[in-house]
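Note sheet for the following structure.
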Amino acid sequence: MPEIPEIAARASEMNAELRGKTILNLEVLQPKCLNIAAGDFITALTGAELKGTTYHGKWLITETSQGWFLLNLGMGGEILLVTRQTLPEKRRIILDFTDGSSLAINFWWFGYAHYMAADRLSEHKMTAQLGPNAMDLDVDKLRILIKSQRTRLKTFLLDQSKIAGIGNAYIHDILFLARLHPLRPLASLSEEEIAHLYQGIHAGLQPSIDKGGAFYELNLHGQKGGFVLEEILIGYKEGQPCPVCGTPIQKIKTGSNSSFICATCQVI
DNA sequence: TATCTTGTTAATCG
DNA sequence: ACGATTAACAAGAT
């Protein structure tokens with residue numbers, strides 16, 4: 001479940017370690033994750049030199065000498081810098097570089113590997129529709145976004161077209177830190193509560209950003225992120241005591257997904 | 001075996 | 001048009 005902390009770490013690693021590598025050839029083991037035919041994808045990127053990598057929401061965006069390479073790891077996956085001799089068992093796309101290294105990309109379930117021509121990045125719908133990165137929002141922009149919506153808080157935070165990069169893993173702690181219930185109607189939030197939400201987004205994401213993402217995702221060298229289970233406050237801790245008041249943490253249904261809350265600290 | 005899970009889009013209904 | 005809900009899609013763990 002890569003969200004902002006994991007994606008930011010991957011972008012930084014790719015930016016530092018892949019820049020300057022030239023693609024010798026590509027192997028596509030799962031054509032359905034592409035946005036164009038596999039043959040066209042391979043033709044487009046063969047011979048391309050990788051440049052910088054940035055991210056927008058859950059998308060990794062790499063500039064190459066022959067256009068854009070965009071990756072979305074979906075519900076989780078690995079981007080491993082290996083060689084043909086050390087290929088991981090699970091891979092869906094492989095980029096072989098002229099220096100003998102290879103990039104093996106896997107999604108554990110859904111994911112996307114897209115190509116856009118150099119002058120057509122703005123036509124890539126899935127990234128063009130994204131809102132600002134969660135950590136780039138200031139409290140005034142957040143207030144304006146909230147005023148224009150009438151849904152519930154959790155739905156809003158997960159809507160990538162409003163705020164990009166928050167997923168259903170970090171959101172439990174973000175809402176707990178803000179002392180807000182996931183089902184709160186947006187329109188009922190006070191100015192003070194919006195300020196708490198802003199602080200919750202930062203306080204919930206920053207520790208993991210500082211540690212290269214969560215333990216359940218791997219970096220380019222197969223090492224786990226430094227943000228460990230013990231640092232998660234209430235997410236996935238059903239039945240354990242709330243760290244603030246001791247009330248057992250509850251798992252509740254919020255629409256089609258689940259949320260972990262402290263029913264004492266987070267009142268609707 | 002049946003159910004659950006991290007993402008995103010599309011279709012539908014009110 | 002908007003919000004809510006559901007299904008679908010390429011798996012894997014329990």
Side-chain angles (χ1 to χ4, degrees), chain A residues 1-10 27-38 41 55-61 70-79 88-94 104-114 123-131 133-134 145-175 182-189 204-205 208 213-218 224-225 227-229 232 234-239 251-260 268:
Chain A
M1 24 187 157
E3 300 176 32
I4 282 279
E6 292 77 38
I7 298 299
R10 287 308 84 74
E27 187 178 351
V28 176
L29 298 133
Q30 189 183 48
K32 286 193 181 180
C33 67
L34 307 178
N35 60 332
I36 55 178
F41 185 80
Y55 69 94
H56 190 176
K58 296 164 188 172
W59 283 86
L60 288 161
I61 304 171
L70 302 107
L71 265 181
N72 181 317
L73 294 176
M75 293 197 190
E78 303 87 46
I79 303 168
E89 215 168 289
K90 288 177 185 155
R91 66 259 185 171
R92 305 200 193 227
I93 308 270
I94 301 168
I105 298 158
N106 180 54
F107 319 116
W108 87 251
W109 201 3
F110 310 120
Y112 306 103
H114 286 183
E123 294 170 31
H124 186 255
K125 262 204 153 187
M126 294 173 84
T127 51
Q129 290 174 347
L130 296 172
N133 277 331
L145 277 172
I146 285 176
K147 300 286 183 195
S148 68
Q149 294 290 118
R150 238 154 300 281
T151 184
R152 293 174 196 258
L153 182 51
K154 180 169 183 177
T155 308
F156 167 73
L157 288 175
L158 291 178
D159 184 343
Q160 303 298 303
S161 70
K162 304 300 183 299
I163 304 177
I166 296 174
N168 199 38
Y170 286 96
I171 196 166
H172 311 299
D173 279 8
I174 288 172
L175 290 171
L183 298 180
R184 267 293 289 277
L186 265 199
S188 73
L189 291 180
L205 295 175
S208 187
F215 64 92
Y216 47 73
E217 293 289 339
L218 304 178
K224 295 178 177 190
F227 186 75
V228 298
L229 188 59
I232 296 175
I234 69 165
Y236 310 101
K237 303 214 170 182
E238 185 177 16
K251 180 179 183 179
I252 61 169
K253 275 278 166 200
T254 43
S256 59
N257 56 36
S258 300
S259 294
F260 295 85
I268 290 200

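Every chain is numbered from 1 and lettered A, B, ... according to where its sequence line falls, protein lines coming before strand lines. Computed from a prediction, not measured in an experiment: that's the story for all the values here.
In this structure, CD of A/E238 is placed 13 Å from P of B/dC4, rounded to the nearest angstrom. Remark: P of C/dA1 and CD of A/Q149 are 15 Å apart, rounded to the nearest angstrom. One atom, CD1 of A/I7, and another, C1' of B/dT8, lie 14 Å apart when rounded to the nearest Å. Straight-line distance from the NZ atom of A/K162 to the C1' atom of C/dG3: 11 Å, rounded to whole Å. To the nearest angstrom, C1' of C/dA11 lies 10 Å from CD of A/Q30. Rounded to whole Å, atom P of B/dG7 lies 11 Å from atom CD of A/E217. With rounding to whole Å, A/D159 atom CG is found 11 Å from B/dT8 atom C1'. Look at CD on A/E78: it is 18 Å from P on B/dT6, rounded to the nearest Å.
Closest to the side chain of A/K253, out of C/dA11, B/dT6, B/dT5, is B/dT5. Side-chain proximity of A/W108 to B/dG7, C/dG12, C/dG3: nearest is C/dG12. Of the listed nucleotides (B/dT6, B/dT5, C/dA4), C/dA4 has the atom at the smallest distance from the side chain of A/R152. Here the side chain of A/S258 is nearest to one of C/dA4, B/dT5, C/dA11, namely B/dT5. Out of B/dG7, B/dT8, B/dT5, the shortest distance to the side chain of A/Q160 is found at B/dT8. The side chain of A/C33 approaches C/dA10 more closely than any other nucleotide in the set C/dA10, B/dT6, B/dT8.
In this model, the phosphate group of B/dT8 is approached by a side-chain N or O of A/N72 to a distance below 4.0 Å at OP1 or OP2. In this structure, A/K90 does not reach the C/dA10 phosphate: none of its side-chain N or O atoms is under 4.0 Å from OP1 or OP2. Distances shorter than 4.0 Å separate none of the side-chain N or O atoms of A/Y112 from OP1 or OP2 on C/dA10. Taking side-chain N and O atoms only, A/K58 has a distance below 4.0 Å to OP1 or OP2 of B/dT8. Dashed line: the shortest gap from a side-chain N or O of A/T151 to OP1 or OP2 of C/dA4 is under 4.0 Å. Under 4.0 angstrom from either OP1 or OP2 of C/dG3 there lies no side-chain N or O belonging to A/T155. OP1 or OP2 of B/dT5 lies within a sub-4.0 Å distance of a side-chain N or O belonging to A/K251.
A/F110 qualifies as a stacking partner of the C/dC9 base, centre to centre under 5.5 Å and near-parallel within 30°.
By the 30° and 60° cut-offs, the orientation of the rings of A/F260 relative to A/H172 is perpendicular.
Using a 4.0 Å heavy-atom criterion, one finds that A/K154 contacts no nucleic acid atom at all. A/G255 comes within 4.0 angstrom of nothing in the nucleic acid, heavy atoms only. Using a 4.0 Å heavy-atom criterion, one finds that A/R92 contacts the bases of the nucleic acid, with or without backbone contacts as well.
Of the nucleotides present, none pairs with C/dA10 by Watson-Crick or G-U wobble criteria with both distances under 3.5 Å.
Both A/Q129 and A/W109 sit near DNA chain B, but only A/W109 has its closest nucleotide nearer the 5' end.
With P as the reference atom, C/dT6 and B/dT3 are 16 Å apart, rounded to whole Å.
Residue A/K58 holds its NZ atom at 15.5 Å from CZ of A/R10, rounded to the nearest 0.5 Å. Atom CD of residue A/E3 and atom CG of residue A/L205 lie 7.5 Å apart, to the nearest 0.5 angstrom. Note that CG of A/L130 is 9.5 Å distant from NE2 of A/H124, once rounded to the nearest 0.5 Å. To the nearest 0.5 Å, atom CD1 of residue A/I4 and atom NE2 of residue A/H56 are 8.5 Å apart.
Among A/E78, A/Q30, A/E89, A/R91, the one residue that satisfies the side-chain hydrogen bond (donor to acceptor under 3.5 Å, both in side chains) test with A/N106 is A/E78.
Of all heavy-atom pairs spanning A/A214 and A/S208, the tightest one is N-OG, 3.6 Å.
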